[in-house]
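Written out below as structure tokens is the structure these notes cover.
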Amino acid sequence: MHEMSLCQELARLIAERAAADGFSRVRRVVLDIGALSHVMPEAMVFGFDVATRGGPAEGALLEIRRPPGTAWCTDCAASRAIAARGDACPVCGGHKLLVTGGDDLRLKELEVV
Ligand SMILES: [Zn+2]
């Protein structure tokens, strides 16, 4: 379950930032989990609780947003929204798509006390 290691990485990142910026508690964490990423939001919620125990983000509210997948269709020469990797272009039906967004996990916001 790679979500657990992602959460440990996230907890480490938050602790580092707490030390660098001089805050001790985090109230809210906003994560973007792209619709095309291979990360399960439910597993992140669970892993986050475990990984942040004893650190500055313990008990923080984890807010997960799901930005949609986007890809560049080389046939249309335009950006298209896609629901899954390997989907055809919703406009021309072509398969020459390059994923351009919604495929990763990002720490977007930290609300600190
Ligand atoms: Zn197209």
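Order of appearance sets the numbers: ligands from 1, and atoms from 1 within every ligand.
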Nearer than 2.8 Å to the Zn ion (ligand 1), the protein contributes N, O or S atoms numbering 4

Worksheet item: If only atom types and distance count, is the side chain of R66 paired as donor or acceptor with the main-chain N or O of I33 below 3.5 Å?
Response: yes

Taken in chain and number order and not counting sequence neighbours, the residues that satisfy side-chain contact (heavy atoms from CB on, under 4.5 Å) with V30 are R28, E63, R65, K108, E109

Applying side-chain contact (heavy atoms from CB on, under 4.5 Å) to A78 and not counting sequence neighbours gives C76, R80

Q. Among side-chain atoms of T100 and T70, is any donor-acceptor pair under 3.5 angstrom?
A. yes

- Query: Do L13 and E9 have side chains that get closer than 4.5 Å, going by heavy atoms?
  - Reply: no

Would you give me the side-chain donor-acceptor pairs under 3.5 Å for residues 35-62, sequence neighbours excluded?
from	atom 1	to	atom 2	distance (Å)
S37	OG	G34	O	2.8
T52	OG1	F48	O	2.7
E58	OE1	G54	N	2.9

